[in-house]
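Since the structure comes first, as structure tokens, the remarks are kept for the end.
Atoms within a ligand are numbered from 1 in the order they appear, just like the ligands themselves.
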Amino acid sequence: MKVVICSDAAQTRRLAAQVLAQQVQTKPDSVLGLATGRTMEAIYAQLAERAEEQSIDFSGVTTFNLDEYIGLTAQHPQSYRYYMQTHLFRLINIPEHNTHVPDGAAEDVEAEARSYESRIAQAGGIDLQLLGLGENGHIGFNEPLSALNGRTHVVTLAQATLQQNAVMFDNDMGQVPARALTMGTGTILDSREALLVVTGAAKADIVARVIEGPVSALVPGSALQFHPHCLVLLDEAAASRLTQREAIFWQMQHDPELQAFLSA
Ligand code: GLP
């Protein structure tokens, strides 16, 4: 894992957009794994801005989103398909048929999970997987106790997740769908590169458990310790509970790859 501690959330988002933009510029037919949540909104806004300024071509890019609520159609304003259309897809020149989000309205959601997994394989696997982190340590919707080598599957959302995401549903936990489709932690670990972006003091404890704690199904994000190419971007607030801050700053100053990235 390579960890970068940014001075503030704005720098964290700028660097995340930079990683995504560079990926597409270097490999125009990239397969991107995408995430949702409030953290990602500003990252997508910056990416779209860069795409416009630098004429970044997304016409050959394929995307696979991590997850989707079961029972919401693409037209539902809280569905992740709707989120992606609003925050990214309509702002860049990606053909709609290249964008994949699990179909939460599928009649047979188990079959949809299997088909999603095979569509990822058919696309040649994910080059770069963008990830946020739930306050309970989930990645995608892999809740605590999910199999650390799981594939795309149907999950029952944790109470903590329903509480955390209620703000998007009129602050009413009862309106948040109880189940979701999510790539498995194993699917995520198969990505060639992973980019975890976390900001804010509310996630400082869970960030420390993900990065420094034992790998445990209680903290699904900790499985990223097994990922061979995982970059973690944090702001000061999210990094505040790490015990290895000195070592991280030393790496940031001495690792040639991080140096090149930070000075770009
Ligand atoms: C949802 C998504 C996760 C995301 C999390 C973080 O639960 N399924 O993939 O990481 O939100 O959300 P936020 O950025 O709003 O804190």
Side-chain angles (χ1 to χ4, degrees), residues 6 9-10 12-13 16-17 20 32-47 63-72 76-84 86-88 100-102 104 113 116 126 128-144 146 150 152-169 171 173 175-185 187-189 191 194-207 209-211 219-224 227 230-235 237-239:
C6 302
T12 315
R13 296 183 198 117
L20 289 160
L32 301 180
L34 297 178
T36 51
R38 283 154 295 181
T39 314
M40 300 302 151
E41 289 178 20
I43 295 173
Y44 292 144
Q46 294 223 5
L47 179 62
T63 66
F64 286 93
N65 263 79
L66 283 166
D67 46 17
E68 179 61 285
Y69 291 113
I70 289 178
L72 301 192
H76 191 289
Q78 298 311 331
S79 74
Y80 286 159
R81 163 57 79 176
Y82 191 95
Y83 171 109
M84 290 310 300
T86 309
H87 294 292
L88 186 63
H100 304 264
V101 180
Y116 201 68
I126 291 168
L128 172 64
Q129 176 66 56
L130 177 62
L131 295 162
L133 185 68
E135 280 172 36
N136 66 353
H138 74 207
I139 46 174
F141 269 139
N142 291 282
E143 302 286 29
S146 300
T152 303
H153 63 293
V154 174
V155 286
T156 299
L157 296 177
Q159 194 179 9
T161 299
L162 300 182
Q163 279 160 355
Q164 197 195 317
N165 290 1
V167 286
M168 274 84 81
F169 292 85
N171 276 315
M173 210 177 114
Q175 283 186 41
V176 186
R179 294 192 311 153
L181 276 158
T182 184
M183 278 186 204
T185 305
T187 321
I188 293 168
L189 291 180
S191 59
L195 173 64
L196 173 67
V197 189
V198 194
T199 57
K203 292 183 184 163
D205 280 328
I206 199 68
V207 160
R209 292 179 72 192
V210 164
I211 295 176
V219 184
S222 66
L224 292 170
H227 197 294
C230 180
L231 175 64
V232 184
L233 298 177
L234 304 171
D235 66 352

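Of the listed residues (Ile43, Thr36, Val176), the one carrying the non-hydrogen atom nearest atom 4 (C) of ligand 1 is Thr36.
The number of heavy-atom neighbours closer than 6.0 Å to OH of Tyr82, taken from other residues, nucleotides and ligands shown, is 12 or below.
Here the heavy atom of the protein found nearest to atom 10 (O) of ligand 1 is Gly132 C, 3.1 Å. Protein heavy atom nearest atom 8 (N) of ligand 1, with residue, atom name and distance: Asp67 OD2, 2.8 Å. Nearest protein heavy-atom contact of atom 6 (C) of ligand 1 is Leu133 O, 3.7 Å.
Counting heavy atoms closer than 4.0 Å to ligand 1, residue Lys203 contributes side-chain atoms (C-beta onward) but none from N, CA, C or O. Contacts between Gln164 and ligand 1 below 4.0 angstrom, taking non-hydrogen atoms only, involve the side chain exclusively.
Residue contact annotation: Gly140 has a non-hydrogen atom under 4.0 Å from ligand 1. Ligand 1 has His138 within reach: a non-hydrogen atom of the residue lies less than 4.0 Å from it.
Proximity to Gly37 (heavy-atom distance under 4.0 Å) selects the following atoms of ligand 1: 12 (O), 14 (O), 15 (O). Close approach of ligand 1 to Tyr80 is summarised as follows: ligand atoms under 4.0 Å from at least one heavy atom of the residue are 1 (C), 2 (C), 8 (N).
In terms of heavy-atom proximity, Val198 sits nearest to Ala238 at O-CB, 3.6 Å. Between Gly221 and Val210, the shortest heavy-atom contact is O-CG1, 3.5 Å. Taking each heavy atom of Ala204 and Ala237 in turn, the nearest pair found is CB-O, 3.5 Å.
Judged purely by distance below 3.5 Å, without hydrogens or angles, the side chains of Asn165 and Tyr69 pair a donor atom with an acceptor atom.
A side-chain contact (heavy atoms from CB on, under 4.5 Å) with His227 holds for exactly one of Leu196, Leu189, Leu131; it is Leu189. With respect to His138, the side chain to side chain donor-acceptor pair (under 3.5 Å) criterion is satisfied by exactly one of Asp67, Thr161, Thr182: Thr161.
The N/O atoms of Ile139, backbone and side chain alike, include none that comes under 3.5 Å of an N/O atom in ligand 1. Residue Thr39 has at least one nitrogen or oxygen atom sitting less than 3.5 Å from a nitrogen or oxygen atom of ligand 1, judged on distance alone.
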Derivation and outcome, side-chain contact (heavy atoms from CB on, under 4.5 Å), residues Met173 and Gln159
CA-CA 9 Å; Met173 210 177 114; Gln159 194 179 9; 3.9 Å; yes
